[in-house]
Amino acid sequence: MKHFILLVTLLCSLQLIKAQSLTDSVTMGSGYSSQVYYQLSSQAKYTIPYSAWDIGFITSLMSGAVISNPNTITVYRVPNLDSTEYTSLTDTAGISNWRILYNSDTSWYTGAFNSTANVTNPFDFGWGIYDFNAHIVYGDSLFMVKKDTSFIKLWIKEKTGTGTYIMRYTYLDGTFDSTVTIDPYSNTDQNFILYNLQTTVTVSEPPSADWDILFNHYITTIPGLGPYPVTGVQSNIGVTVAKANKVDVNTVSYTGYLNDFLNNLSAIGYDWKTFDPTTFTYTIEDSLVYFVQTRDGKIYSLRFTGFNSATGTSIFEVMFDAEVGIHEVNKTLESAMIYPNPANDQFTLAYSAKKRGTARVTILDLEGKEVAATSFDMNEGLNVQQIASASLSDGIYFVKINSLGDELKLKLILSKK
């Protein structure tokens, strides 16, 4: 009898270890005033007010990503002028016809300032061109930034071989003209250095190892509406997500979705909730679960149960299955990105691999049907390929990269209008 009781106690303990679940919430504040970084394992939260920063510079030496904060600034590309004409830019005449730039909502590596890059040139970062011999990105573009009611002309002059950014910006009313140097080496454990144009202060993100998902107010492209502000959840670099829809949330397992993990920062996104204009409340999808694989390989299930728009509060359930623990979905392919996204007749696929081999790239429609495929020789390290998409209709697709038994999957939007 004693042994039976001990066995039952042990089995109950193992069951508790196997499925650890909790309910938690994250509050962004009234009017979605802050972004909140969240770690699934510890439930740690790190809050940054949107008012604290305007522009973010990636710390990685391999990228020239520069993001904007759409909650504080609007970014325009100045047409028909380059960086040599910085001093001659003195007004905003015709700005209503200038292109407004937005961050990609599929990859952290394509910020607003990168969105005008020539996709046929892998060395074009949008704001500047990479010099392969000097290992410097030289800024060749001018931007106009609207912050509150003020206009600021801005030139990202260069990113040096050691990763230091040099930027010049001037208020058009002449009250401020500054050239600043932003050094990433004091922030190498973070993804971005965040900078405030008005206070000239840099703001610290939490270390990238200390968060998995970001509760954020960002811009996405909605068919029929174009760029549109939404409130949702985005994932950290190196975090992948699989979506299980129309399922029994109490029994669904991640094992049925191993081929669906997306390397897409908005794989969770905003549409786990639906706004009801008659009651001014949100309805939560009750048969939807997200499986989140963190940077250390652990897989969590995430299910939303409530949303309060007045306080910007998301309520959700997190579960970690210790029995499955670590499952390496990707062993060869480390990370990937598509730019531009939305794309037109072609797009650039950049991906990083641990080994040499052959990469097969397929494009799938929303029903999972293969609509295009090609193969490339894959080198160890960074790989960049241009892929034609002129034969495909506008819409949403998935791009799948397979190599040596491993796979990455990304979301692609085609818009040729």
Side-chain angles (χ1 to χ4, degrees), residues 55-68 103-141 156-167 181-195 205 207-209 211 234-240 262-265 295 330-341 347-357 359 361 376-387 399 401 403 406 408 410:
I55 299 177
F57 299 85
I58 201 165
T59 61
S60 170
L61 279 175
M62 298 294 291
S63 173
V66 182
I67 61 175
S68 67
N103 302 323
S104 166
D105 69 341
T106 61
S107 171
W108 290 111
Y109 295 104
T110 307
F113 292 90
N114 309 108
S115 60
T116 60
N118 179 354
V119 297
T120 65
N121 181 2
F123 301 118
D124 186 352
F125 285 94
W127 60 266
I129 303 294
Y130 177 69
D131 185 315
F132 187 80
N133 294 315
H135 301 294
I136 295 173
V137 183
Y138 291 107
D140 62 353
S141 303
I156 305 171
K157 298 181 69 173
E158 69 178 68
K159 180 180 182 181
T160 70
T162 59
T164 298
Y165 297 88
I166 302 173
M167 176 177 67
T181 299
I182 300 172
D183 183 2
Y185 282 103
S186 59
N187 303 75
T188 51
D189 60 342
Q190 300 162 10
N191 292 339
F192 287 89
I193 300 172
L194 306 178
Y195 182 81
E205 278 190 331
S208 54
W211 67 278
Q234 298 181 308
S235 52
N236 194 359
I237 294 172
V239 173
T240 57
L262 285 174
N263 187 46
N264 178 338
L265 72 90
R295 292 156 61 99
N330 306 306
K331 296 178 182 178
T332 300
L333 301 167
E334 295 183 291
S335 60
M337 62 176 287
I338 290 172
Y339 64 92
N341 200 358
F347 61 89
T348 297
L349 173 66
Y351 57 97
S352 180
K354 294 180 181 179
K355 307 173 186 176
R356 294 174 61 89
V361 179
F376 300 103
D377 291 332
M378 182 179 71
N379 297 315
E380 181 179 352
L382 180 65
N383 294 263
V384 179
Q385 303 289 348
Q386 277 74 51
I387 298 178
V399 176
I401 315 168
S403 182
D406 298 329
L408 283 177
L410 302 94

>> Working note: F125 + V66, criterion side-chain contact (heavy atoms from CB on, under 4.5 Å); need CA distance, chi angles, decisive distance, verdict.
In response: CA-CA 9 Å; F125 285 94; V66 182; over 6 Å; no
> Do the rings of Y130 and F132 sit parallel, tilted or perpendicular, given the 30° and 60° boundaries?
Replying inline: perpendicular
> Could you give the distance from CG (D189) to CD (E205), rounded to the nearest 0.5 Å?
Replying inline: 10.0 Å
> If you measure from CG on N383 to CG on D377, what distance do you get to the nearest 0.5 Å?
Replying inline: 9.5 Å
> Shortest non-hydrogen contact from I136 to Y138?
Replying inline: CD1-OH, 3.5 Å
>> Can a donor-acceptor pair be found, under 3.5 Å and without considering hydrogens, that links the side chain of N103 to the backbone of A112?
In response: yes
> Below 4.5 Å, heavy atoms only, C-beta onward: do Y109 and N114 meet side chain to side chain?
Replying inline: no
>> If I compare all heavy atoms of L408 with all of N263, which pair ends up nearest, and what's the gap?
In response: CD2-CB, 4.3 Å
> Quick one: CG on L265 to OG1 on T240, what's the gap to the nearest 0.5 Å?
Replying inline: 13.0 Å
> In Å, rounded to the nearest 0.5 Å, how long is the span from CG of N121 to OG1 of T348?
Replying inline: 9.0 Å
>> Is any side-chain heavy atom of M167 closer than 4.5 Å to one of F57?
In response: yes
>> If I take atom OG from residue S352 and atom CG from residue L333, how far apart are they, to the nearest 0.5 angstrom?
In response: 9.0 Å
>> When you measure from the side chain of S115 to the backbone of G126, do you find a donor-acceptor pair of N or O atoms at a distance under 3.5 Å?
In response: no
> Is there side-chain contact between F192 and T59, with at least one heavy-atom pair below 4.5 Å?
Replying inline: no
> Do the side chain of Y165 and the main chain of G64 share a donor and acceptor less than 3.5 angstrom apart?
Replying inline: no
>> Tell me the closest heavy-atom pair linking A353 and M378, and the distance in Å.
In response: CB-SD, 3.6 Å
> Are the side chains of L410 and N341 in touch, meaning some heavy atoms are under 4.5 Å apart?
Replying inline: no
>> Test of understanding: with ring-ring contact (aromatic ring centres under 6.0 Å, His included), list the residues that count as partners of Y351, not counting sequence neighbours.
In response: none
> With distance as the sole criterion, is a donor-acceptor pair present between the side chains of Q190 and S208 under 3.5 Å?
Replying inline: no
>> I need the F376 CZ to Q385 CD distance, nearest 0.5 Å.
In response: 4.5 Å
>> Quick check: closest heavy atoms across T110 and I338, and the distance to 0.1 Å?
In response: OG1-O, 4.2 Å
> Parallel, tilted or perpendicular: which describes the rings of W108 and W211, with under 30° parallel and over 60° perpendicular?
Replying inline: perpendicular
> Minimum heavy-atom separation for N236 to R295, with atom names?
Replying inline: ND2-CD, 3.8 Å
>> To check you understand the geometry: which heavy-atom pair defines the closest contact between T162 and L61, and what is its length?
In response: C-CD2, 3.5 Å
